[in-house]
Structures are given as C-alpha cells and as structure tokens.
Amino acid sequence: MFNKPYNPKEVEDGIYELWEKSGFFNPDNLPISKTKNLKPKTFSIIMPPPNANGSLHFGHALFIALEDLMIRYQRMRGKKTLWLPGADHAGFETQVVFDKKLEKEGRNRFQISRDELYREMMEFTLSNKKVMENQLRKLGASCDWSREKFTLDPDIISKTQDTFIDLHKKGLVYRGERLVNWCIKHQTSLSDIETDSVEKKDSLYYIKYGPLTVATVRPETIFGDTAVAVNPKDKRYKNLIGKEIEVDVVIGKLKLKVIADDFVDPKFGTGAVKVTPAHDPNDFEIWQRHKNEIEGPREVINQFGKMSVKAKEFEGLKISEARKLIVEKLKEKGLIEKIDESYNHAVAVCYKCQNILEPRLLPQWFVKIEPLAKPAIQAVKSGKIKFVPKRFEKVFFHWMKNIRDWNISRQIIWGIRIPAWFCECGEIIVQKEKPKKCAKCSGNKIKQDPDVFDTWFSSGQWPYLALGYPNSKDYKTFYPTDVMETGWDILFFWVARMIMLGIYRTGKIPFRYVYLHGLVRDKDRQKMSKSKGNVIDPLGVAGIYGADAVRMSLITSAAAGNDPVISEDKIRGYRNFATKIWNISRFVLMNYDSKFEKIKPKFTKEDRKNLKNLKTIHKKITKDIENFKFHIAAHNIYHYIWHTFADKILENSKPRLRSENIIERATAFKVNFEILFVSLKLLHPFMPFITEEIYQNLPIKNKKLLMIEKW
RNA sequence: GGGCGUUUAGCUCAGUGGUAGAGCGUUUCGUUGACAUCGAAAAGGUCGGAGGUCCGAUCCCUCCAACGCCCACCA
C-alpha cells in the first residue's frame, strides 16, 4: 500500500529515472509489433529547440505538456515513436541576453575579440543548455536524449552552410546593397519581421525647397537628398517635372531634379516629397525607379545614429540634436513655412530594445523568397500540410503572398558564419574553406565575411537537419515528421521558413500537421513578463504541486490557437485531482485479496453498464486526441475519473466490497480494478508521473511500464 | 487601410441545431475506515446587441458594438 497523501516531490524524479533507464524514449528499443513485409508505423515530433540562453518559462512547459501528450499517446498506440530534443543557440536573442550580462559586468562586446567572445558565449550557452535539459526532465518530457541536437553541432553548421551554398548556386541567394533595418544599439541589421512598429507623434516640417515646399519629419536628412518627387498627375508641379531646382540646405546648396512618381500622394503635405535614398526605404525605391535620372544614396547618418562627415558642421551630432539645430538654422533663413506639431505616424523599432531602426544601405545576403514561397503555399493549399487550428492557414497565406526577400546577414558573432569570402579586388567567393587565391585577380588577400546567419536560417532547416539529412537512417525513417507543435507567434519566423526550406532542400514537406498553441497568460489575462512581475516559474510550481498538475492545468486551459490562462489556483485544483486519483487507487487496492485471482466474477447489470460506459469514454478520448482536441479529452477524463468513477461507481460498490460473499467482493473489486487500470492508461499522457507510480503498485502479472502499456 | 480572434455563472474558461457545463469563489450540512488537498447539497446565466434562416438558434447567416491581436513603404 502506498503512502498518504501523494507527494509528487518524492515520486517524480524516481519515475523519470525509471523511464529513462528503460530505454523506451528511444524508438529503436520500443517493442513494435512487426507484421511481415510491413514497415512499422512511425510517429515523430521534432521538439522546437528552446533558446539556450535562460531558464524554461511557461511557454516551454506548454509545449512540453502538449508534445509529450501526443508522444506518449502514440507510443502507447504501438507506434515507433520519436520525440527529438534539441537546443537553439538563438543568435541575436542570445547576443542580446549576453550583452546585458556584459553590461552588468561593466564590459561590452565591441571590446572583446571575436574568438574570445565566441568562446565565452559558447560556455554560457552550454551551461544554460544543461539547466534546460534537466528542467525538461523535471517536467516529464519523454524525448530521446540519445538523439539530442544543438544548432551549433559541427554537422548542423556544415549542412546549414551547404544549404546557403546551394541556394547561391541556384541564384536564390544574392548579395545586394539594399536599405536594411539597422539597430543602432545592437549594431546589426534585422529582417523585416524582427521589427515592431510603434505609433509616434512627431513634427511635420514644411520646408521651402526653392520654388516649392516639401513636408518631412526628418529635416536632418536634407543633406542626403538627391531629388524631389511629385505625382505625375499633379497639375501644380507639372511645369517643374524634369527641371532642376536649387535648394538651400544650410551647409550649402543642392541641385535637385524634380521627378514624377506614382508613389507620391498629392493630398499629403504639399504633394512634393524630398527624396533621400540612403535613409528612407520608399525614397530608395523611388531612386531604383529613376536610376538614370538622379543621383543615388548619399549617407549622412552613420552606423551609430550620428551625423556623418557629409553633414559637415553637424558631423557627430545625434539625430535628435541635429534635427533641432537644423530646424533652427532653417528658421533663421526663413525656410520653414510651417510646422505641424502633432503628426502621428508609425515608425519601425527594434523588437528587442524598442530603439528606432535606421534604414541603412548595406551589402547583405538576401534569400530570394518568392520561388521558395510558391511551393510552400501550394503544400498548405493542397492539404499536404494542415494547420490546427485551420484559421492560421489564412494568416499564413496572407503573409506568404506579400513576402519580401529575406535578409539573412547579421553583424554579430554568435551564430553560424556565412561561408563567403571577399577578395581585395571585390570578387566574392561562396564556399566553406578559405580560397587559396582569387580566381579573378589571382591575389590572396582574401577575408571571410564577418557576418553570421540569421538564426532562423538554421532553425528553419531544423526538422531535416536534426534528423541527419540526407543520408541517415533516421531521416529516412522519420521524415517528413508528423506534427510541428509550436506557438503561433513564430508562425512567420519559423514555421513558414521550415516549410519553405524543407521543401526546397528535401523535396518533401517537413511535417504533416502544424499545431499552434497560444501565449500563456496570467489570471488577469496579462502576458507574463519580468517587468510586470507576474511571471510564474513552471519549475517552481511543479516543485510544489507536481509536474502533473502543471501539465494538466496547461492542457485543460485552452483549445489550439487560444491563449491558456494559468494561475496557481488552477494548478492547485489539478494537484487536488492527483490526490483524488491517489486515494481512489488506495481504496481500490485496499479491497484486494489474493484469493480473488481464482474467482470467476459474476457481473451485475450495473457492472456491465459501467464497463460498457468505460469503453465509450475510451473511444471518445481517443477520438478527441486524434483530432487534436486535447483540452476536451483532458476535461473528459478528469470528469470521468472524479465524478463518475469515484463519486458513483466506487461509492456504489462499497456495500458489495463489505459483503460476506467472496464472489460479490471479488466481482466488485474486479470491476473497480478494471476501471482504474483503463483510467490510468487514459490519463497517462496527461499526467504521466502519478499514473506510472500507481501502475507500479498494481498487483498485475507481466508488469512493465505504463508508458508502454497498450492504449 | 486590410485581416483575425474574443464576447457563455462573481472570476477564468469549455461546449452543443432540441431541458445550459467545469474549475475556482460563495452559502448550508457532513469528519462513523479511500480521500477535509474531501463528500453531499444550494444559490447564481433572457450564452454582447439587432435582424434573418429553421418546427426549433447560445450554436448557422447578415449587420452592429466593445475588447484584444496580426499585417501594411504615405514623406
């Protein structure tokens, strides 16, 4: 008989060890019934590799609960089941975390040599990775540790570079000088989706430009102007189109051509726009359309967000200071016509530090995305890949259809180095090893591109790389994987890229189902964040109430795609449920008598009804799990165990359990035992620890592990 | 400017074309061998609003409102 009350702390670690030692996390060790000539059915999930730069939070606990549920269910169904764990170096994210750490120590990364910084960050990451792995164990993740991968494993690095080289060969990767999102704080460019847009109130200055007036929020960029644009249909400026006008820009005079472009909205401002191709994405595109008419980008703001040498007397000033000063000078000269002080517009900011991003003209590597997007859209359209819930397919299509080329260069050191080399002569060579000499100029002054890949470029290849593409047995056995389970917030960052790169590289879809979970919120529906102080540590509460209670409360809290709401109250509620099951089991077993073994039960009508009902519940739960309705399955098993089994069936069995007649006693016991046994199986994927612990105490023959009992 | 989601009991959320559900909270009773981390019972909802389809709508359709989110190059 087991102790009272149930104490998860005393049980969970031991159970995990029992599982891990059994070897059954590894699909190769599973007792798969092999029918002749038939390949065993497989089921595989590649774990979204957590960023190895901190501890696990509730979002991680959620994916663990959901994925482990699917994995345990499929394993019990008898499939050759693989859950492949991993960890992500998380390039820019980790760089940001590490920058903060350095800042606390009074250091900064720009003073540390590349090699030294990389070494320190690797050490930091590997130690976080170890912590994370143990946390995954604490939460009961039944993943195959023997296959664990890290995004900076040598083979992953090498194969990620192969993909880049291959894309380059096929013309799908190019090096282009384009305006990119530049973060002044982090000193790197970012992709379009690594930006947030915030509403900002600014002044809109109306500045006299020779014969006309332009409206701008950025007077400090006037030195970089190369044209003035108007709408071709705008009658006001018809006579000026094609002419050159002379503009006083404080530090001198500029001759600017007036050009006609449809982009210009005649109704906005004065209908005339100053064109600054080096510092505005729209202006850059205007220039692209008028390349042979006007001068190209002239950079007047540098990488630190300060005025460059081209701003002459304003050189070195911060943007805001320069703006103020320039406006003053313009005012003195009578060139400011008016100022609209409450102009609201959206500006792009760094999604990490919220600093305004400076558009900068930089040579970067871009992935030509359209040829990759088309087959990805097709895969979802045709139903080869299905989204759960389905509504995200629409979101996916919308984004994929409007997608722009992907900047994959990052000016940080933490990541996979881009395999490209620059010769003094300007030649660019794409290959892994350093070229001995340049094919063009025969020179040997060749340097490697200092940049690394956007971290999503490697994680976008995760399903097939983690499985050992292209030649491994695992890749052949488990690819395409069955389910990709992750948060909808990284639909574009990750899921879309995995589909695109997966199809490109392997010719196959990377997964059949995309299950998207929501964002975990606190009891006031607030996002959990450190600054709000409302973060609940999943490991902390798991330590108090048990990992089972944490997992169950996460699963019951939301349907796919919805945000689960978590509170300690709720977790406590499921801890009570664990206690209930514990006591149910104690009660069932306390009425056990070894003499029952030989007795043939005589079932009553009620017994038969209850056993039949059990089958119905079994079927319903199976169906709901198959249909990804985990929260419904969880509610049902909860309700059945507590309010049908305990409240009714067990209560009603009490008189018979105390009967003088051993057949009556044995029958009552056997019915209760059968229901308990099936309930434990049904509950196992949801609450694996306590169910396994009880199973280990059951008086049954050929006991193995509940984990591999037949569903 | 497009698009999406949510709106059901005091709170947080499930759910269904045919007498409304759970957890927590509240109230009452119960501690005689599974369980007080509990049991029994109770109160509490015109299922956001207005139309429509239907024998019948909380559920399907249309419109509206509130809240939340995503996407978008008007200086």
Side-chain angles (χ1 to χ4, degrees), chain A residues 1-2 4-7 179 192-193 196-197 202 204-207 214-219 221 228-229 231 262-276 279-286 343 345-348 359 389 391-395 397-399 401-404 488-489 491-492 518-519 521-527 545-546 549 552-553 556-559 561-591 629 631-632 634-636 638-639 642-643 646-647 650-651 653-654 657-658 672:
Chain A
M1 198 59 55
F2 17 124
K4 168 193 163 182
Y6 174 64
N7 185 354
L179 279 199
D192 291 341
I193 53 175
D196 281 341
S197 94
D202 267 318
L204 185 62
Y205 301 93
Y206 288 72
I207 304 172
V214 298
T216 181
V217 286
R218 303 202 64 182
T221 62
V228 172
N231 189 288
D262 281 328
F263 163 77
V264 183
D265 177 358
K267 288 195 231 52
F268 186 90
T270 61
V273 186
K274 71 193 225 21
V275 179
T276 324
H279 296 289
D280 185 284
N282 294 320
D283 294 3
F284 182 81
E285 293 196 359
I286 291 178
Y343 171 61
H345 64 149
V347 292
R391 65 170 187 270
F392 282 104
E393 288 179 7
K394 246 191 209 171
V395 182
F397 290 139
H398 181 259
W399 190 69
K401 279 176 190 155
N402 299 297
I403 198 167
R404 302 204 300 185
W488 55 254
D489 52 324
L491 178 59
F492 303 146
L519 194 68
R521 295 175 184 274
D522 76 358
K523 64 179 192 306
D524 302 315
R525 290 212 111 254
Q526 295 294 305
K527 206 167 154 174
Y545 304 112
M552 192 67 173
S553 55
T556 51
S557 285
N562 291 357
D563 294 345
V565 173
I566 278 296
S567 65
E568 209 165 321
D569 269 350
K570 190 180 265 179
I571 297 165
R572 209 177 289 128
Y574 287 104
R575 184 272 317 264
N576 293 352
F577 178 52
T579 308
K580 188 73 187 179
I581 302 157
W582 190 253
N583 286 315
I584 288 169
S585 310
R586 290 196 327 130
F587 177 71
V588 171
L589 295 188
M590 113 199 265
N591 289 291
K629 294 182 174 173
H631 65 295
I632 295 178
H635 276 120
N636 281 332
Y638 174 95
H639 205 266
W642 201 318
H643 300 299
D647 290 357
L650 285 186
E651 287 302 324
S653 75
K654 279 179 178 174
L657 288 170
R658 287 170 205 151
N672 288 346

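Since the model is a prediction, treat every value here as computed from it, not as a measurement.
A/L204 approaches A/Y343 most closely through the heavy-atom pair CB-CB, 3.9 Å. The two residues A/K267 and A/D265 make their nearest non-hydrogen contact at N-OD1, 2.9 Å. In terms of heavy-atom proximity, A/Y545 sits nearest to A/E568 at OH-OE2, 2.9 Å.
Both A/D563 and A/Y638 lie near RNA chain B, and the one whose nearest nucleotide falls closer to the 5' end is A/D563.
Donor-acceptor pairing under 3.5 Å is recorded for the side chains of A/Y574 and A/T556.
Taking every side-chain heavy atom of A/L650 into account, B/A34 is the closest of B/C71, B/G15, B/A34. Counting only heavy atoms from C-beta on, A/V565 has its side chain closest to B/U12 among B/U12, B/C71, B/U37. In this structure, the nucleotide among B/G39, B/A34, B/G15 sitting nearest to the side chain of A/D647 is B/G39. Checked against B/C38, B/C69, B/A14, the side chain of A/W642 finds its nearest nucleotide in B/C38. Comparing B/G5, B/C70, B/A14 by their closest approach to the side chain of A/R391 singles out B/G5.
Taking atom P on both nucleotides, B/C35 is separated from B/A40 by 15 Å, rounded to a whole Å. For the P atom pair drawn from B/A57 and B/C47, the interatomic distance equals 12 Å after rounding to whole Å. Comparing the C1' positions of B/G21 and B/A36 gives a spacing of 26 Å, expressed to the nearest Å. Comparing B/C24 with B/G44, their C1' atoms sit 14 Å apart, to the nearest whole Å.
A donor-acceptor pair under 3.5 Å is formed between the side chain of A/D563 and the backbone N or O of A/L519. Checking side-chain atoms of A/R218 against main-chain N and O of A/D280 turns up no donor-acceptor pair under 3.5 Å. Here the side chain of A/N231 pairs a donor or acceptor atom with the backbone of A/V264 at under 3.5 angstrom.
Considering only side-chain N and O atoms, A/H643 lies nowhere under 4.0 angstrom from the phosphate OP1 or OP2 of B/G39. In this structure, A/K580 reaches the B/G39 phosphate: one of its side-chain N or O atoms is under 4.0 Å from OP1 or OP2. OP1 or OP2 of B/G23 has not a single side-chain nitrogen or oxygen of A/K570 nearer than 4.0 Å. Contact between the side-chain N/O atoms of A/N576 and the OP1/OP2 oxygens of B/C38 is found at a separation under 4.0 Å. Using a 4.0 Å cut-off, no side-chain N or O of A/N636 falls inside it from OP1 or OP2 of B/A22.
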Pairing annotation in dot-bracket form, given for RNA chain B with Watson-Crick or G-U pairs under 3.5 Å and | for cross-strand partners
(((((((..((((....[..)))).(((((.......))))).....(((((..]....))))))))))))....
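Using a 4.0 Å heavy-atom criterion, one finds that A/A646 contacts the bases of the nucleic acid, with or without backbone contacts as well. Counting non-hydrogen atoms under 4.0 angstrom, A/N402 reaches nothing in the nucleic acid.
To the nearest angstrom, P of B/A34 lies 10 Å from CG of A/N583. Note: CG (A/D196) to P (B/C69) measures 12 Å, nearest angstrom.
Under 3.5 Å, the side chain of A/K654 and the base of B/A34 form at least one donor-acceptor pair of N or O atoms. Contact annotation: side chain of A/E651 to base of B/A34, donor-acceptor pair present below 3.5 Å.
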Output a table of nitrogen or oxygen pairs between the protein and nucleotides 73-75 of chain B separated by less than 3.5 Å.
from  : atom 1 : to     : atom 2 : distance (Å)
B/C73 : O2'    : A/N282 : OD1    : 3.1
B/C73 : O2'    : A/N282 : ND2    : 2.3
B/C73 : N1     : A/N282 : OD1    : 3.1
B/C73 : O2     : A/N282 : OD1    : 2.4
B/C74 : O2     : A/D265 : OD2    : 3.0
B/C74 : N3     : A/D265 : OD2    : 2.7
B/A75 : OP2    : A/Y343 : OH     : 2.4
B/A75 : O5'    : A/Y343 : OH     : 3.4
B/A75 : O2'    : A/A215 : O      : 3.2
B/A75 : N6     : A/D265 : O      : 2.9
B/A75 : N6     : A/F268 : O      : 2.7
B/A75 : N1     : A/D265 : N      : 3.3

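The CG atom of A/N636 sits 10.0 Å away from atom NE2 of A/H631, with the distance rounded to the nearest 0.5 Å. To the nearest 0.5 Å, atom NE2 of residue A/H398 and atom CZ of residue A/F392 are 15.0 Å apart.
Side-chain contact between A/N672 and A/L657: present, with at least one pair of heavy atoms (C-beta onward) separated by less than 4.5 Å.
Judged by the 6.0 Å and 45° rule, A/K580 forms no cation-pi pair with A/Y638.
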